[in-house]
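Reviewing the structure listed below.
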There are 2 protein chains.
Amino acid sequence: MSIDPGAATPLWRQLADILRAQIESGELPAGRIVPSENTLSQQHGLARGTVVKALDALEREGLVERIQGRGTFVRRDGRAGKE
Amino acid sequence: MSIDPGAATPLWRQLADILRAQIESGELPAGRIVPSENTLSQQHGLARGTVVKALDALEREGLVERIQGRGTFVRRDGRAGKE
DNA sequence: GAGAATTTGTACGTATGTATG
DNA sequence: ACATACATACGTACAAATTCT
């Protein structure tokens, strides 16, 4: 799975989808994760702002939790927030 | 009500709070509204990105609806989305 | 405790694309 | 064709919180 700049889907959503898939598949286990924003931006060739937007989306979905100074973590059941 | 750059509250949240208050007070009636992103950014002395973040927050709260090419509108009951 | 390094948070500015009127 | 308005994406800078040395 990788980013396709030519696709109709926005880049930030493509990244969010990739990370969501990795979480749901267990590749990114509950507890902690998601390489830092800088790492993600380098790995996928995206601006940091774009990475942030993807992570914000995942946080709103309740999949991850972002903590300033620490990092971004996968929530334990993958849906702790709501719904 | 105006923006205070020195406050602890982020600028985008201050703007969102101002707009929310205007909506709930009826100053911004249901139907249509919110001066354009450009207008808001000039009126409050904020970057457009900051205005967008405020409007995104209000949209997530279900207070407004943003339509590309048209504008940002106040939702009818002020809480149509969720909860 | 001091200081550096890391990581997320906020804010700015700019450019281009897409949709509407 | 043109103007307006939101959408996406880039790059930069500094602040704030945490962790490590």
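Every chain is numbered from 1 and lettered A, B, ... according to where its sequence line falls, protein lines coming before strand lines. Both backbone and side-chain heavy atoms feed into the values below; hydrogens, waters and symmetry mates do not.
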Identify, with sequence neighbours excluded, every residue that meets side-chain hydrogen bond (donor to acceptor under 3.5 Å, both in side chains) alongside [X].
X: T9(A); value: none
X: D17(B); value: R20(B)
X: R48(A); value: E37(A)

If you group Ile, Leu, Val, Met, Phe, Trp and Tyr by side-chain heavy-atom gaps below 4.5 Å, do L40(A) and W12(A) land in one group? no

When every nucleotide of nucleotides 3-11 of chain D is labelled 5' to 3' by its protein contacts under 4.0 Å (heavy atoms), B for base, S for sugar-phosphate only, - for none, what sequence of letters results? --BBBSSSS

Quick check for you: to the nearest 0.5 Å, what is the distance between I3(B) atom CD1 and I18(B) atom CD1? 4.0 Å

I need the single residue from L19(A), V34(A), L15(A) that forms a side chain to side chain contact (heavy atoms under 4.5 Å, CB included) with L58(A). Which is it? L19(A)

Rounded distance (Å) that lies between atom C1' of dA17(D) and atom CD of E65(A):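 So the two atoms are 14 Å apart, to the nearest Å.
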
What is the separation between atom CD on Q42(A) and atom C1' on dT6(C), rounded to the nearest whole Å? 13 Å

Using five base pairs at each end to define the local axes, how bent is the helix from dA2(C)-dT21(D) to dG21(C)-dC2(D), to the nearest 10°? 10°

Compare every heavy atom of R76(A) with every heavy atom of A30(A), then report the nearest pair and how far apart it is.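 So the minimum-distance heavy-atom pair works out to CB-O, 3.6 Å.
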
Under 4.5 Å side-chain heavy-atom separation, chaining through any Ile, Leu, Val, Met, Phe, Trp or Tyr, what else clusters with F73(B)? Say none if it is isolated. I67(B)

